Amino acid sequence: MPGKLEILNVGDGHTEIVVDRSNPIELERASRIIEDMLKRGYALFVHGKGDVLTRVKRFDKKHKAYIVGAEATVPAEPLEPKNSPVVTMKRGKFKEASVPIESAKVTVVGRSAGG
Amino acid sequence: MTEEEPTMPPGMRTPTYKELVAKVRTVAREREEWAGIPTPMGDLFPMTIEPRHPYRIDEINKPQDREDGWRTVNYWVDKRLGLEILIQKNREGRARVAYIPGGSKVDMLLGSLGIMDAWLEAAENRAQTKLWNMIGHHRFTQYRMIGLFPETSKRSGVIYIFRRLRPTIALKGQEGGFLKILCTLCLHPIGYYHGAWGGVMVPTDEVIAHLTMMRGDEHKFWANANQHSANAVQSGI
């Protein structure tokens with residue numbers, strides 16, 4: 001199953017962007033969109049097992065993967081171990097994990113204007 | 001010499017709000033504005049847009065002076081008297097106190113009717129489908145029937161009541177089975193209209209944003225939201 005970005009949107013309800021590894025152009029476009037959104041302060045949440053959400057800390061452009069905190073419930077469901085193994089790295093006392101973009105469902109919330 | 005008023009070319013008419021919103025949506029897609037571009041609703045409902053948004057217009061975000069020149073600079077609620085108290089200043093720097101008995105709840109309600117044209121029904125339907133997937137049939141029925149549903153945070157044990165067009169209520173269980181209202185949490189992604197309950201996104205999208213933030217980053221949800229006490233008009237209780 002390809003990855004999916006669901007971006008909460010003013011005019012559409014939400015915009016869907018499908019991320020398919022077999023289409024390099026789409027993959028590159030999605031990568032650019034993710035980088036742009038993180039730069040603008042959008043909050044990206046990876047859906048995991050039991051619909052547990054984990055916030056994306058940053059984006060690994062080289063490996064086209066989301067970096068999430070492994071101390072939270074690392075999403076296991078969307079990962080396909082054969083093609084996209086979970087890479088766990090140690091950063092100080094916190095562990096991080098990477099989730100390939102083509103195998104994760106992500107909900108994106110725009111930056112808050114307060115209320 | 002007076003300036004001539006602009007007139008519409010023959011055969012053309014002023015677009016309706018729905019047409020305007022649809023056009024803005026198309027422009028947002030073309031310009032790759034992923035979260036969309038908010039639609040201004042005129043002077044009656046000035047907008048506040050998040051600071052990094054490329055379509056943030058300073059005029060829209062400026063606090064609007066009233067026609068008589070008085071501007072509200074401070075505001076609080078007197079629980080005992082049941083009054084909203086406003087401190088206002090005019091252009092000369094003179095200050096005055098204004099009292100609103102019963103608060104501006106009716107204004108907020110009517111304001112929400114006023115901004116309804118900024119939302120497309122199709123967008124609300126899409127948002128409701130997504131919410132149904134997130135909370136399941138039973139709680140979605142609660143939301144559809146009475147406009148709210150609860151969820152307890154596994155992390156903190158706080159009970160949240162998510163509401164359509166109102167801030168989310170945060171409750172905590174007390175000894176003896178009582179519930180205490182901690183506060184209400186008001187958060188609008190991208191922007192919101194002043195004098196109304198709604199934001200620039202359709203109501204259910206805002207509920208999804210609250211729910212997503214709570215599930216995925218509860219700490220940041222509290223940090224980013226404005227916390228209103230239960231007795232404030234903005235709490236919507």
Side-chain angles (χ1 to χ4, degrees), chain A residues 4-19 26 28-59 66 68-69 71-75 99 104-115, chain B residues 21-22 24-26 28-29 32-39 47-54 118-120 122-130 133-134 154 167 185-192 199-202 204-206 208-217 220 224-226 228 234:
Chain A
K4 197 160 63 168
L5 277 164
E6 289 186 348
I7 309 160
L8 298 188
N9 178 292
V10 172
D12 283 314
H14 56 270
T15 308
E16 274 185 22
I17 295 169
V18 177
V19 189
E26 278 296 302
E28 202 52 52
R29 179 173 171 259
S31 167
R32 184 172 56 82
I33 293 169
I34 293 161
E35 265 198 313
D36 183 40
M37 288 191 300
L38 283 170
K39 204 166 75 184
R40 288 195 202 180
Y42 288 22
L44 280 71
F45 297 93
V46 180
H47 289 248
K49 204 173 186 179
D51 225 11
V52 171
L53 297 173
T54 311
R55 188 164 181 170
V56 173
K57 288 183 172 180
R58 58 182 189 280
F59 181 62
Y66 303 108
V68 296
E71 71 277 9
T73 314
V74 177
V99 183
K105 183 187 166 190
V106 171
T107 296
V108 184
V109 181
R111 205 159 176 263
S112 168
Chain B
V21 174
V24 170
R25 185 181 62 175
T26 311
R29 279 181 194 159
E32 298 196 329
E33 273 310 319
W34 314 115
I37 301 171
T39 310
M47 287 193 288
T48 289
I49 302 175
E50 62 94 356
R52 285 197 223 169
H53 197 281
W119 305 320
L120 295 176
E124 174 64 15
N125 291 342
R126 268 170 74 82
Q128 288 198 11
T129 307
K130 182 171 169 62
N133 282 318
M134 288 178 82
K154 286 172 191 156
L185 300 160
C186 189
L187 180 144
H188 298 283
I190 306 300
Y192 63 94
V200 296
M201 288 185 180
V202 290
T204 302
D205 258 348
E206 296 212 325
I208 293 171
H210 282 218
L211 180 66
T212 306
M213 292 287 289
M214 188 282 284
R215 283 182 179 176
D217 197 349
K220 278 281 175 200
N224 290 347
N226 268 359
H228 300 302
Q234 293 93 328

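Source: prediction; values computed, not measured. Naming convention: chains lettered A, B, ... in sequence-line order (proteins, then strands); numbering from 1 in each chain. Computed from heavy atoms alone, side chains included, the values below leave out hydrogens, waters and symmetry copies.
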Contacting moiety of [X], where chain A heavy atoms sit under 4.5 Å:
X      : answer
B:P51  : both
B:V21  : neither
B:E33  : both
B:K154 : neither
B:L120 : side chain

Quiz item: Do A:T107 and A:H47 have side-chain atoms, one donor and one acceptor, less than 3.5 Å apart?
Solution: yes

Quiz item: Going by atom types only, do B:K130 and B:T204 share a side-chain donor-acceptor pair under 3.5 Å?
Solution: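 The answer is no; no qualifying pair exists.
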
Ionic contact status for [Y] with [X], cut-off 4.0 Å:
X     : Y     : answer
A:R32 : A:D36 : no
A:E35 : A:R58 : no
A:E6  : A:K4  : yes

Practice problem: Carefully, step by step, assess B:R25 and A:D12 under the rule salt bridge (charged side-chain N to carboxylate O under 4.0 Å, His left out). | Solution: CA-CA 7 Å; B:R25 185 181 62 175; A:D12 283 314; 3.5 Å; yes

Exercise. Pick whichever of A:I17, A:I33, A:L5 has the most heavy-atom pairs under 4.5 Å with chain B.
Key: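 The candidate making the most pairs under 4.5 Å is A:I33.
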
Quiz item: Can you tell me how far the CZ atom of A:F59 sits from the NZ atom of A:K39, to the nearest 0.5 Å?
Solution: 13.0 Å

Exercise. Specify which of B:A28, B:A35, B:A225, B:G216 makes the most heavy-atom pairs with chain A at under 4.5 Å.
Key: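 The residue among B:A28, B:A35, B:A225, B:G216 with the greatest pair count is B:A35.
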
Quiz prompt | Options B:V24, B:I37, B:T39, B:N133, ranked by heavy-atom pairs under 4.5 Å with chain A, top entry | solution =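 Ranked by heavy-atom pairs under 4.5 Å with chain A, first place is B:I37.
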
Quiz item: Where on A:V109 is there a heavy atom nearer than 4.5 Å to chain B: the side chain, the backbone, both, or neither?
Solution: side chain

